[in-house]
Amino acid sequence: MAQTTLLYNIGQLLTMDQHEGLVRGESMGSLDVKEDYAVLIKDGKIEAVAPTDQLQDIEVDEKIDCEGKLVTPGLVEPHTHLVFGGSREHEMALKQQGVPYLEILKQGGGILSTVRATRKATEEELYEKAMFHLNRMASYGITTVEAKSGYGMDRETELKQLRVAKKAGENHPLDLVSTFLGAHAITEEYKDKPDALLDEMASLFDQIKEENLAEFVDIFTETGVFTIEQSRRYLQKAKDHGFDVKIHADEIDPLGGTQLAVELGATTGDHLAVATDEGIEQLAKSDTIGVLLPGTIFYLGKGEFARARDMIEAGAAIAISTDFNPGSSVTENIQLIMSLAALKMKMTPEEIWHAVTINAAHAINRGDQAGQIKVGRKADVVIWDAPNYLYIPYHYGVNHVNTVFKAGQKLYQRGDLLV
Ligand SMILES: N=CN[C@@H](CCC(=O)O)C(=O)O
Ligand SMILES: [Zn+2]
């Protein structure tokens, strides 16, 4: 018997499907808002989307009165470092003393401290921790998530992280897309020979493909990490092995990672906080999506926020993300990132909703599956405790989710106080 659910009396419904494909430039600013609508879910998929008065009398297994609330697609989180051991709260004091992020890394802390903890952790420990963070992401309205490795930088630990991500993706209701970030930092063993580290990581490409452990290969292109030239060679090899590629680009120093992402036809260039005029111009003419991470700039406490306005006005396609990780952005709260995008990058609410739904889905090659409420698609839907779509970035720092549906199943519901 088919399981049917009707969400009716929706105050504002964002289906995010008024534009074809990736949404870029000024199209990001136009949003179709349906008022007093209903959504019919059947066997986990969207069966119909229509005004409430057309659907409210049909017979279904469950009817949910949305009481005039906002309803949107489940959010898509396109950039996380989900699987890691330990935590780095002890580095907060260093940050407060003004020690730069790259200096902490140079002293063997930062990413390298998480590498030590991740190498020590068992697969089970990493798995439990990843599942905990996935649950929290779900509670904030995320229904599809990307997860990077990159805290091993040796064969065993990178494979361990990727296998943990695969198992988490199989067992957790959220859909998970995996990225191999073996080129995330230069470890002690490879201190003076970064090329050898890249060769070692590239030698895993065949096995990663065979075991279906990742769809993307990513690299941290940055001062003291990998150069543009090294990144180009490494990612070209990844492409030759059939991977799509991403770059942690122009985060702290403007090395030209944005241009490299465009040159390589990368699916995304991520961070782009210090992208140059030339980088922005090239990005705008390309199909590479800029994944902006304002939480990281906020959390690192210095530096400029990415020039989202210039990028969008030039015609680029933009997504946003938490960059959830134990060092530079320790939060699963994508709604907080939506507020930062508004307050610090001056993105409009209309642009922000595109950036956390359909564009974020394209950023992980799920543009045909996630980020929209559309007949035939998986019913990934969020009911919000909010009267309209402007409200989420406006009322910042808290969780506005009322109910999350993943493939038609209720995955999370706001708890009530017990007193
Ligand atoms: N910048 C490089 N990598 C991560 C940070 C990882 C960490 O600090 O553990 C990022 O995207 O911000
Ligand atoms: Zn990152």
Side-chain angles (χ1 to χ4, degrees), residues 77-92 94-95 99-119 121 126 129 133 145-153 157-158 161 165 177-187 216-226 231 245-255 257-258 261 266-275 289-303 305-306 319-332 334 337 340 360 363-364:
E77 166 52 271
H79 181 138
T80 83
H81 302 254
L82 174 73
V83 182
F84 59 85
S87 55
R88 310 223 292 266
E89 59 275 26
H90 49 281
E91 284 177 8
M92 194 119 177
L94 288 177
K95 271 172 49 136
V99 185
Y101 179 74
L102 291 180
E103 183 55 37
I104 297 177
L105 179 61
K106 208 167 156 194
Q107 291 172 10
I111 295 172
L112 293 175
S113 140
T114 302
V115 167
R116 289 188 289 277
T118 308
R119 286 179 177 178
L126 293 176
K129 205 162 149 69
H133 294 301
V145 61
E146 185 254 20
K148 300 176 196 297
S149 66
Y151 292 118
M153 271 87 79
T157 317
E158 285 296 320
Q161 279 191 276
V177 175
S178 197
T179 295
F180 175 49
L181 179 57
H184 194 192
I186 299 167
T187 50
F216 291 96
V217 170
D218 195 345
I219 190 166
F220 188 15
T221 305
E222 187 56 77
T223 304
V225 193
F226 298 105
S231 305
V245 299
K246 294 173 167 284
I247 308 184
H248 279 66
D250 292 336
E251 176 184 355
I252 296 164
D253 290 332
L255 302 188
T258 311
T267 307
T268 63
D270 300 51
H271 285 288
L272 315 190
V274 292
I289 301 166
V291 177
L292 308 184
L293 311 168
T296 310
I297 302 294
F298 168 75
Y299 197 80
L300 291 180
K302 33 175 92 142
F305 287 83
I320 59 173
S321 151
T322 59
D323 188 19
F324 171 66
N325 73 71
S328 69
S329 186
V330 197
T331 185
E332 299 93 338
I334 185 76
I337 303 306
L340 292 176
I364 49 174

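Whatever order the structure lists them in is the order used to number ligands and atoms, beginning at 1.
Among Leu181, Val245, Thr179, the single residue meeting the side chain to side chain contact (heavy atoms under 4.5 Å, CB included) criterion with Phe216 is Thr179.
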Apply side-chain contact (heavy atoms from CB on, under 4.5 Å) to the pair Glu146 and Lys246, showing each step before the final yes or no.
-> CA-CA 12 Å; Glu146 185 254 20; Lys246 294 173 167 284; 4.0 Å; yes
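At the Zn ion (ligand 2), the angle from NE2 in His79 to NE2 in His81 is 110° when rounded to 10°.
Side chain of Thr322 to backbone of Ile334: no donor-acceptor contact under 3.5 angstrom is found.
A cation-pi contact, defined as under 6.0 Å to the ring centre and within 45° of the axis, links Lys95 to Tyr299.
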Can you list every pair where an N/O of ligand 1 is under 3.5 Å from an N/O on the protein?
{"from": "ligand 1", "atom 1": "1 (N)", "to": "Glu251", "atom 2": "OE1", "distance (Å)": "2.6"}
{"from": "ligand 1", "atom 1": "3 (N)", "to": "His184", "atom 2": "NE2", "distance (Å)": "2.8"}
{"from": "ligand 1", "atom 1": "8 (O)", "to": "Arg88", "atom 2": "NH2", "distance (Å)": "2.8"}
{"from": "ligand 1", "atom 1": "8 (O)", "to": "Tyr101", "atom 2": "OH", "distance (Å)": "2.5"}
{"from": "ligand 1", "atom 1": "9 (O)", "to": "Arg88", "atom 2": "NH1", "distance (Å)": "2.9"}
{"from": "ligand 1", "atom 1": "9 (O)", "to": "Arg88", "atom 2": "NH2", "distance (Å)": "3.4"}
{"from": "ligand 1", "atom 1": "9 (O)", "to": "Tyr151", "atom 2": "OH", "distance (Å)": "2.6"}
{"from": "ligand 1", "atom 1": "11 (O)", "to": "His81", "atom 2": "NE2", "distance (Å)": "3.3"}
{"from": "ligand 1", "atom 1": "11 (O)", "to": "His248", "atom 2": "NE2", "distance (Å)": "3.1"}
{"from": "ligand 1", "atom 1": "11 (O)", "to": "His271", "atom 2": "NE2", "distance (Å)": "2.9"}
{"from": "ligand 1", "atom 1": "11 (O)", "to": "Asp323", "atom 2": "OD1", "distance (Å)": "3.0"}
{"from": "ligand 1", "atom 1": "11 (O)", "to": "Asp323", "atom 2": "OD2", "distance (Å)": "3.1"}
{"from": "ligand 1", "atom 1": "12 (O)", "to": "Asp323", "atom 2": "OD2", "distance (Å)": "2.7"}
{"from": "ligand 1", "atom 1": "12 (O)", "to": "Ser328", "atom 2": "OG", "distance (Å)": "2.6"}

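For Phe298, the CZ atom is loosely surrounded, since the number of other residues' heavy atoms within 6.0 Å does not exceed 12.
Inclusion of His248 in the first shell of the Zn ion (ligand 2) is supported: an N, O or S atom falls under 2.8 Å.
Between His271 and Phe220, the distance separating the two ring centers is not shorter than 6.0 angstrom.
The N, O or S atom of Asp323 lying closest to the Zn ion (ligand 2) is OD1.
Taken from CG in Asp218 to NZ in Lys148, the straight-line distance is 4.0 Å, to the nearest 0.5 Å.
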